[in-house]
Amino acid sequence: MTVEEVVRQFKAFLTHRNPDAISIEIRNVRPIFGGASRQTIAMELEIVKKTTKISRKIVLRREFDAGIIETDTRTEWNAYRAFADTDVPVPELIWLEEDKKWMGSPFFVMEEVVDCQSSILAFDQPEFMGVREKVGEQFCRIMGTVAKADPKAMWLEDKMGKPAMDACWKRELDYWESDIDKKQMRPHPLLRAAIRRLRKNPPPPAQRIVIVHGDMRAGNFLFNQMGEIKAVLDWEMMHMGDPLEDLAWSMNRLWTWKEPDLLGMMIPRDRAVRIWEEASGFKADPDALFWWEVFTSIKGLAIWISQHHLYSTGATTDAINCYGGLWAYDIQSRILLNQMRGDA
Amino acid sequence: MRPQCDHILRTVGMVLATQYLPMLETEHARAELGLTALVMGVISEEFDRAAHRRVEENREIRKIFKQAGGAVQDPDLRKRLETASGEIEEDFHVSALDRMNCDLQDLFIQLHAHVEILEGKEARLLEETIWKEIENQVKRREFLTWEVASQLLASISPDEPKA
């Protein structure tokens with residue numbers, strides 16, 4: 001669906017939801033680049049009614065017709081709702097619409113978090129250079145806070161499958177291996193060797209079953225020039241699992257290719273782990289963490305293979321999928337090779 | 001052919017990035033075109049090496065198949081390794097080389113999994129040979145132009161706030 005079609009259908013949705021509106025205006029429409037799993041569009045909305053006028057800057061997220069990851073919008077919605085008004089900053093939710101009649105797939109709308117940045121490349125720019133360690137420390141604390149959260153108290157436990165403590169690793173590895181089986185367009189000897197090795201050498205059971213964001217990393221949160229993280233985004237892969245999974249994913253060197261000893265181009269890896277341990281209350285056993293780090297290379301490659309598949313089969317023409325299938329695959333393969341051959 | 005296709009791809013990518021990208025108004029359009037230009041530069045590298053790396057890789061895998069014969073205990077796998085190691089490329093279109101490469105890689109994975117569960121020095125030596133080839137496979141697929149192309153793109157189109 002093109003941006004113009006989305007905006008037109010969204011206006012029809014708003015008209016339906018606001019039968020008493022005198023006028024509904026959508027302005028300053030800005031598709032947000034980079035998301036490969038959701039079509040994301042920022043815009044300004046003005047709804048005039050007889051006695052009120054509502055003006056909001058919003059972000060609409062719609063499931064792609066062909067996305068790289070099979071996730072549903074409600075999962076993301078549930079995450080934002082559960083973490084609203086907690087120490088984990090998330091955008092304010094506005095609407096969820098799961099009826100496909102409006103846009104062909106579910107979508108939700110949230111408040112735009114303004115005057116913020118998500119790209120880690122910003123840390124190369126003068127106005128952000130001074131705050132990158134502050135952002136990194138804050139990010140690790142937030143990640144630890146997510147791990148510490150009680151899924152039952154947040155009404156999330158019954159919404160997601162809860163694996164046994166010794167089965168988290170297998171469930172995740174099975175899922176991503178199956179995804180590779182479905183989407184690979186050529187054999188991948190390195191990847192298959194890594195999967196076999198992880199199966200032969202499983203990690204210890206999870207210390208507790210926790211909420212796993214699933215894509216917790218640099219690039220998926222918004223921060224300002226003061227170095228304050230204002231929102232953690234992209235919760236569509238949220239699930240229950242091992243607390244080390246998010247930590248390991250955030251440490252994937254793909255997010256910090258230019259400075260591999262840092263976490264997400266922000267802070268040294270060992271300091272990041274210490275902050276996470278303090279905030280979460282969990283221990284990051286080095287061997288267990290390494291198992292999960294290798295796993296994140298496998299999961300990453302599965303995602304880049306999926307991007308390659310989408311682009312190669314013509315399901316999408318978005319350059320990000322071509323780029324990811326080439327660049328990310330190349331870099332992630334080098335990272336996995338280092339992990340398998342003992343250089344990492 | 002003059003100019004060569006890799007040169008054409010690089011040039012078109014550069015023109016898109018330096019002449020047309022700055023004319024675009026939205027961040028989304030600039031990012032989309034910028035990445036497209038970047039990809040064109042990068043695949044120019046692939047264009048030049050596409051046939052070479054497949055031929056080289058197929059040859060190296062077949063060498064390992066020949067070497068592995070004696071160590072392999074599964075008769076069916078041994079037979080398939082023998083057959084594959086005797087094949088040669090006759091069609092040098094990249095698509096044909098690619099199909100052959102995929103067939104060999106499938107068998108290579110099966111051999112690796114088989115060797116991993118074998119015991120003894122011969123098996124470990126063979127496993128190490130397989131790993132050396134996997135290292136080379138990653139190296140053959142590396143894109144050396146990423147760094148230069150990415151820096152060029154970043155200097156033309158600095159990131160703007162996401163949302």
Side-chain angles (χ1 to χ4, degrees), chain A residues 3 29-35 40-42 57 59 91 110 112-122 124-125 184-193 196-197 200 219-220 222 224 231 233 257-258 317-327 329-331 333-334 336-338 340-341, chain B residues 26-40 42-43 45-46 57 61 98-99 101-113 115-117 127-128 130-139 141-147 149-151 153-154 157-163:
Chain A
V3 173
V29 175
R30 288 163 293 129
I32 294 173
F33 185 80
T40 308
I41 305 169
K57 290 184 174 182
V59 171
M110 57 189 176
E112 183 180 6
V113 179
V114 296
D115 300 325
C116 282
Q117 172 65 259
S118 69
S119 172
I120 52 172
L121 296 176
D124 283 343
Q125 295 171 14
Q184 71 167 8
M185 300 186 78
R186 68 172 181 84
H188 300 271
L190 169 64
L191 188 49
R192 297 297 177 175
R196 289 195 303 274
R197 187 177 294 180
K200 278 181 204 159
N220 276 346
L222 294 168
N224 62 21
L233 307 171
W257 183 242
K258 288 166 73 178
T317 56
D318 288 346
I320 187 74
N321 287 309
C322 180
Y323 180 79
L326 289 171
W327 179 81
Y329 182 88
D330 171 17
I331 304 296
S333 295
R334 296 188 218 178
L336 179 58
L337 183 63
N338 283 340
M340 296 295 288
R341 297 293 276 166
Chain B
T26 69
E27 187 216 351
H28 188 269
R30 282 198 300 276
E32 190 72 22
L33 186 69
L35 271 189
T36 303
L38 180 57
V39 166
M40 290 180 82
V42 169
I43 58 172
E45 189 180 345
E46 180 65 10
E57 193 161 290
I61 291 175
D98 208 42
R99 277 194 296 277
N101 183 253
C102 285
D103 290 345
L104 289 167
Q105 292 275 27
D106 266 334
L107 198 51
F108 184 70
I109 290 171
Q110 291 174 48
L111 172 65
H112 193 181
V115 171
E116 278 174 353
I117 56 172
E127 193 179 353
E128 182 58 23
I130 289 170
W131 269 111
K132 291 279 183 208
E133 170 52 23
I134 290 175
E135 284 177 3
N136 288 331
Q137 291 181 7
V138 172
K139 205 169 268 300
R141 288 166 175 76
E142 282 182 10
F143 289 105
L144 304 174
T145 45
W146 281 121
E147 196 62 26
S150 301
Q151 279 171 7
L153 201 62
S157 177
D159 265 282
E160 288 183 5
K162 181 179 183 181

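In what follows, every chain begins at residue 1, and chains take the letters A, B, ... in the order their sequences are listed.
For a residue to count as touching a neighbouring chain, one of its non-hydrogen atoms must lie under 4.5 Å from one of that chain's; by this rule B:Ala29 does not touch chain A. For B:Glu133, no part lies near chain A; criterion is any non-hydrogen pair under 4.5 Å. In this structure, chain B has no heavy atom under 4.5 Å from any part of A:Lys57. Only the side chain of B:Ile43 comes within contact range of chain A, judged by heavy atoms closer than 4.5 Å. The parts of A:Arg186 that come within reach of chain B are both its backbone and its side chain, each placing non-hydrogen atoms under 4.5 angstrom from that chain.
To the nearest 0.5 Å, atoms CG (B:Leu38) and CH2 (A:Trp327) are separated by 10.0 Å. Distance check, rounded to the nearest 0.5 Å: CZ of B:Phe143 to CD1 of A:Ile331 gives 10.0 Å. A:Leu337 contributes atom CG, which lies 5.5 Å from atom CD of B:Glu135 (distance to the nearest 0.5 angstrom).
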TODO: Could you please spell out the steps behind the side-chain contact (heavy atoms from CB on, under 4.5 Å) verdict for B:Thr26 and A:Arg30?
DONE: CA-CA 8 Å; B:Thr26 69; A:Arg30 288 163 293 129; over 6 Å; no
Task: Derivation of the side-chain hydrogen bond (donor to acceptor under 3.5 Å, both in side chains) call for B:His112 and A:Arg196 - done: CA-CA 10 Å; B:His112 193 181; A:Arg196 289 195 303 274; 3.2 Å; yes
Open item on the list: Walk me through whether B:Lys132 and A:Arg341 qualify under side-chain contact (heavy atoms from CB on, under 4.5 Å).
Closed with: CA-CA 10 Å; B:Lys132 291 279 183 208; A:Arg341 297 293 276 166; 4.3 Å; yes
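A salt bridge between A:Lys200 and B:Glu116 is present, with a side-chain N of the basic residue lying under 4.0 Å from a carboxylate O of the acidic one.
Under the rule for a salt bridge (Lys or Arg N to Asp or Glu O under 4.0 Å), B:Glu32 has no partner lying at least two apart in sequence or in another chain. Listed by chain and residue number, A:Pro187 satisfy the side chain to side chain contact (heavy atoms under 4.5 Å, CB included) test with B:Asp106 (two or more places apart in sequence, or in another chain).
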